[in-house]
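Following: one structure in structure tokens, then a few remarks.
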Amino acid sequence: MKQEAVKNKKINVPPNFIRNIIIDDVKKGKHGGRVHTRFPPEPNGYLHIGHAKSICLNFGMAEEFNGLCNLRFDDTNPIKEEEEYIRSIQEDVRWLGFDWEDRLYFASDYFQQLYDWAVQLVGDGKAYVDDLSADEIREYRGTLTESGRESPYRNRSVEENMDLFQRMKAGEFKNGERVLRAKIDMSSGNLNMRDPVMYRILHAAHPRTGNEWCIYPMYDWAHGQSDSIEGITHSLCTLEFEDHRPLYNWFIEQLGVHAPQQIEFARLDLTHTILSKRKLLRLVREKLVDGWDDPRMPTISGLRRRGYTPESIRDFCERIGVAKSNSVVDISLLEHCLREDLNKRSPRVMAVLRPLKVIISNYPQAKVEDLEAENNPEDPTAGTRKIPFSREIFIEQDDFREDPPRKYFRLAPGREVRLKHAYIVKCEKVVKDGNTGEIRELHCTYDPGTRSGSAPDGRKVKGTLHWVSASHAIQAEIRLYDYLFIKADPNDVPDGMDFVFNINPNSLEIVQGMVEPGLADAGRGDRFQFLRNGYFCVDTKDSTRENLVFNRTVTLRDTWAKIEKKIS
RNA sequence: UGGGGUGUAGCCAAGUGGACAAAGGCACCGGGUUUUGGUCCCGGCAUUCGGAGGUUCGAAUCCUCCCACCCCAGCCA
């Protein structure tokens, strides 16, 4: 039995090329068989589902091979980085279920070491101070097809470079006046090797180091060396860094320090979603959404507020695999993982989104019955609860059709339907507004012999509706979320337009619904399945005891919607 | 003749010369169960691996050429 479980676990974890490399390295005893990874976010925005892929990979590989995974902030650009992001990123990684223990690091922790190493390279004649302006450096760099030219300052003496670099650090020069560059090869086909900038002058306060520094290392100079300092064995990053790898290796080799192996994988892309930090920032800044944690955002905080579980996100990250081809994952896979998890764990509850009053004419005026309802058919241990039933109830407007289409087996004039956990009722009369013709209420009769829903005569009733007792139900604000972008590819826009063009105008619809009375005690963040509707959670920001607010996490699969679409 | 990558079903993705007339998942399409048109269960869904040649008894896997797409010219990461 146990063996089977182990086997099943193995089967469920799809192999990927990174795991294969690590297995191989461990087998060969590389790095003493050690596995040490890191998740290295830049604190310039909130984490999103794409980062979750990287987090799961890095922490996952470490866990699988009894290794370690660090959390390291790549905070080398004080102009873009903020404390708020440092805070939120930690919260999100933790919420996803990962633990960096005492290994919280910052590239800025290594500024002094990085500087000392830079001095070493200057001393070795492998780095030089360049006085060219940014524009000139670009010109000298050449183009994709033409070789670059060497800077006139490239062959300064070690002494002069040393002096200038120290003065850069001392704050003698203004922003942009000079940079430190590695002396590599201006004719390389790889632009990253054409004397990359290592340090730029930035007279800006850093969230962590304050005004201690006015020169800041560039990514290429900081990242690999940080990896090395931390003893990272496998430095996993995304595809766009593939042609930085030669530079990554070059620095490590010049320094002769511990050499981590950089391995690149394809970043996640999702349909109906945008995962560019720049674009997400724009949605926030232009108030096209209600902040980073708007439930329509693909950010971890948005998904959390929407009602996603960390388990479902981790499952998703496992299922999409890890490879090197650029791909766009269908968001329905994410939703599938979500539903699968929520189905197992969510208590069922009845809530009517768009109420239609039903009067059960043959039910006694003042009578109230407490009916027993199971909390979760998927989980027998979830128990049961009592829900009140009375003469006047609300059902969903969608559950009644005056002129029902084919295959519709909900309520219609003269038809019978079962009320979940209650009785079979029959629609006797439709009451309409005299002026508008709008359906006001329904008059039904119930069959007292069908309590709990089954008929003693054995007659079959196809439809089962959810409902709430009108006088007992409580009102709640229900926020119905849909995709933020109408098109699978939000960037597919007419000439001159951008992704904002594809924002779904109906991504949020707010209704005042009626929910069963037991929900009065629901606390922020609690998740439920609203029977036949979907999964909902109590909003963590706006919900109060007096004014319950629910977010729709995801709908239930809706076979009827498909049938209806087909027959119409 | 710039460099670096990738191409397996609508979408992800295993597979790295022989038990492959190519796993698995999502989506989709049928059917069954069902007091959620939910869940669950069963079945279908690539004679073919970007294309063309070649090597081999045997190729998605090796070789050659070609095609398509992605990334790189920040003192961003």
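By convention in this document, chain letters (A, B, ...) are assigned in the order of the sequence lines, proteins followed by strands, and residues within each chain are numbered from 1.
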**Item:** Test of ring centre spacing under 6.0 Å for A:Phe17 and A:Phe265
**Value:** no
**Asked** When rounded to the nearest Å, what value does the distance between C1' atoms of B:C67 and B:U56 take?
**Response** 26 Å
**Message:** From C-beta outward on A:Asn190, which listed nucleotide comes closest to its side chain: B:G3, B:C72, B:G38?
**Reply:** B:G3
**Prompt:** Looking across every strand, which nucleic acid part, if any, lies under 4.0 Å from A:Pro377 by heavy atom: base, sugar-phosphate, or nothing?
**Reply:** base
**Asked** Which of the following nucleotides, B:G37, B:G4, B:G3, is nearest to the side chain of A:Glu242?
**Response** B:G4
**Request:** Enumerate the residue pairs fulfilling salt bridge (charged side-chain N to carboxylate O under 4.0 Å, His left out) with a member in residues 179-192 of chain A, sequence neighbours excluded, ordered by first and then second residue.
**Result:** A:Asp130-A:Arg181
**Message:** What is the distance, to the nearest angstrom, from the CG atom on A:Asn491 to the P atom on B:C70?
**Reply:** 13 Å
**Prompt:** Between A:Ser88 and A:Asp92, do the side chains contain an N or O donor and an N or O acceptor separated by less than 3.5 Å?
**Reply:** no
**Request:** Answer yes if the side chains of A:Asp195 and A:Tyr140 hold a donor-acceptor pair under 3.5 Å, and no otherwise.
**Result:** no
**Item:** Atom-to-atom span, CG of A:Asn16 to P of B:U6 - whole angstrom
**Value:** 15 Å
**Prompt:** What's the CD-C1' distance between A:Glu240 and B:C76, to the nearest Å?
**Reply:** 12 Å
**Message:** Stacking between B:G37 and A:Trp560, yes or no? Criterion: centroid separation under 5.5 angstrom, plane angle under 30 degrees.
**Reply:** yes
**Message:** If the condition is side-chain contact (heavy atoms from CB on, under 4.5 Å), which residues does A:Asp109 pass it with, not counting sequence neighbours?
**Reply:** A:Tyr105, A:Phe106, A:Arg208
**Message:** Apply the syn/anti split at 90° from 0 to B:G74 and say which one it is.
**Reply:** syn
Protein-nucleotides 40-45 of chain B N/O pairs under 3.5 Å:
none

**Message:** Base, sugar-phosphate or nothing for A:His421? Non-hydrogen atoms, less than 4.0 Å.
**Reply:** base
**Request:** Nearest 0.5 Å please: distance from the OG atom of A:Ser147 over to the CZ atom of A:Arg194.
**Result:** 5.5 Å
**Prompt:** In residues 130-139 of chain A, what residues come within less than 4.0 Å of RNA chain B, judged by heavy atoms?
**Reply:** A:Leu132, A:Ser133, A:Ala134, A:Ile137, A:Arg138
**Request:** Look at all strands and tell whether A:Met218 reaches a base, only sugar-phosphate, or nothing, counting heavy atoms closer than 4.0 Å.
**Result:** sugar-phosphate
**Asked** Which residues satisfy the salt bridge (charged side-chain N to carboxylate O under 4.0 Å, His left out) test with A:Arg354, sequence neighbours excluded?
**Response** A:Glu509
**Item:** Stems formed with participation of RNA chain B [Watson-Crick or G-U wobble, under 3.5 Å, three or more pairs]
**Value:** B:2-7 with B:67-72, B:10-12 with B:24-26, B:28-32 with B:40-44, B:50-54 with B:62-66
**Request:** Grab the CD-C1' distance between A:Gln529 and B:U36 for me, whole Å please.
**Result:** 6 Å
**Asked** Looking only at atom P, what distance separates B:A22 and B:C29, rounded to whole Å?
**Response** 25 Å
**Message:** Among residues at least two apart in sequence or on other chains, which ones pass side-chain contact (heavy atoms from CB on, under 4.5 Å) with A:Ala561?
**Reply:** A:Asp558
**Message:** When you compare the side chains of A:Ser332 and A:Asp330, does any donor N or O come within less than 3.5 Å of an acceptor on the partner?
**Reply:** yes
**Request:** Using the P atom on both, measure B:A52 against B:U47 and round to a whole Å.
**Result:** 14 Å
**Request:** Assign A:His223 to base, sugar-phosphate, or nothing according to its heavy-atom contacts below 4.0 angstrom with the strands shown.
**Result:** nothing
Just the atom pairs and distances: protein N or O near nucleotides 29-34 of chain B's N or O, under 3.5 Å.
unit_1: B:G30; atom_1: OP1; unit_2: A:Lys566; atom_2: NZ; d: 3.0

**Asked** Taking only side-chain nitrogens and oxygens of A:Arg200, does any of them come within less than 4.0 Å of OP1 or OP2 of B:G74?
**Response** no
**Proximal nucleotide (of B:G37, B:G38, B:G4) relative to the A:Thr464 side chain** = B:G37
**Request:** Please check if the side chain of A:Gln225 supplies one atom and the backbone of A:Trp221 the other of a donor-acceptor pair under 3.5 Å.
**Result:** yes
**Prompt:** B:C72, B:U36, B:A73: which one has an atom nearest the side-chain heavy atoms of A:Arg141?
**Reply:** B:A73
**5′-ward residue of the pair A:Pro40/A:Gly189 relative to RNA chain B** = A:Gly189
**Item:** side-chain hydrogen bond (donor to acceptor under 3.5 Å, both in side chains) assessment of A:Tyr46 paired with A:Glu84
**Value:** CA-CA 9 Å; A:Tyr46 276 61; A:Glu84 181 196 352; 2.5 Å; yes
**Request:** May I have all residue pairs that pass salt bridge (charged side-chain N to carboxylate O under 4.0 Å, His left out) and include part of residues 260-273 of chain A, sequence neighbours excluded?
**Result:** A:Glu240-A:Arg267, A:Arg245-A:Glu264, A:Glu264-A:Lys324
**Message:** Checking A:His466 now: which residues fulfil side-chain contact (heavy atoms from CB on, under 4.5 Å) with it, not counting sequence neighbours?
**Reply:** A:Met350, A:Val352, A:Glu396, A:Asp399, A:Leu531, A:Arg532, A:Asn533
**Complete:** Taken to the nearest whole Å, CZ/A:Arg19 to P/B:A14 is 10 Å
**Message:** Classify A:Thr559 by what it touches in the nucleic acid, base, sugar-phosphate, or nothing, heavy-atom distance under 4.0 Å.
**Reply:** sugar-phosphate
**Message:** Applying salt bridge (charged side-chain N to carboxylate O under 4.0 Å, His left out) as the test, list every pair that has at least one member in residues 455-469 of chain A; sequence neighbours left out.
**Reply:** A:Glu416-A:Arg459, A:Asp447-A:Arg459, A:Asp457-A:Arg459
**Asked** Name the one of A:Arg410, A:His421, A:Arg418 that satisfies side-chain hydrogen bond (donor to acceptor under 3.5 Å, both in side chains) with A:Thr464?
**Response** A:Arg418
**Request:** Using a heavy-atom cut-off of under 4.0 Å over every strand shown, decide if A:Arg245 touches base, sugar-phosphate, or nothing.
**Result:** nothing
**Item:** Closest nucleotide among B:G5, B:C28, B:A77 to the A:Arg557 side chain
**Value:** B:C28
**Asked** Do A:Asp558 and B:G37 have a side chain to base donor-acceptor pair shorter than 3.5 Å?
**Response** no
**Asked** Can you tell me how far P in B:C11 sits from the matching atom in B:G2, rounded to whole Å?
**Response** 31 Å
**Request:** Take the angle between the ring planes of A:Tyr446 and A:Tyr423 and call it parallel below 30°, perpendicular above 60°, tilted in between.
**Result:** perpendicular
**Request:** Tell me which residues in residues 319-331 of chain A put a heavy atom below 4.0 Å from RNA chain B, sorted by number, or none.
**Result:** A:Arg319, A:Ile320, A:Val322, A:Ala323, A:Lys324, A:Ser325, A:Asn326, A:Ser327, A:Val328, A:Val329, A:Asp330
**Asked** When we call it a touch if two heavy atoms are under 4.0 Å apart, what does A:Arg339 touch: a base, just sugar-phosphate, or nothing?
**Response** nothing
**Message:** If you only use heavy atoms from C-beta on, which nucleotide in B:G37, B:A73, B:G3 is closest to the side chain of A:Ile563?
**Reply:** B:G37
**Request:** Tell me what A:Ser332 touches on the nucleic acid: a base, only sugar-phosphate, or nothing, going by heavy atoms under 4.0 Å.
**Result:** sugar-phosphate
**Request:** Could you check whether A:Tyr216 gets within reach of a base, just the sugar-phosphate, or nothing at all, counting any heavy atom under 4.0 Å?
**Result:** nothing
**Fill in**
Separation of B:U36 atom C1' from A:Arg410 atom CZ, nearest Å, is 11 Å
**Request:** Consider the side chain of A:Asn20, meaning its heavy atoms from C-beta on, and name the nucleotide among B:C76, B:G15, B:C26 that approaches it most closely.
**Result:** B:G15
**Request:** Assign A:Tyr199 to base, sugar-phosphate, or nothing according to its heavy-atom contacts below 4.0 angstrom with the strands shown.
**Result:** nothing
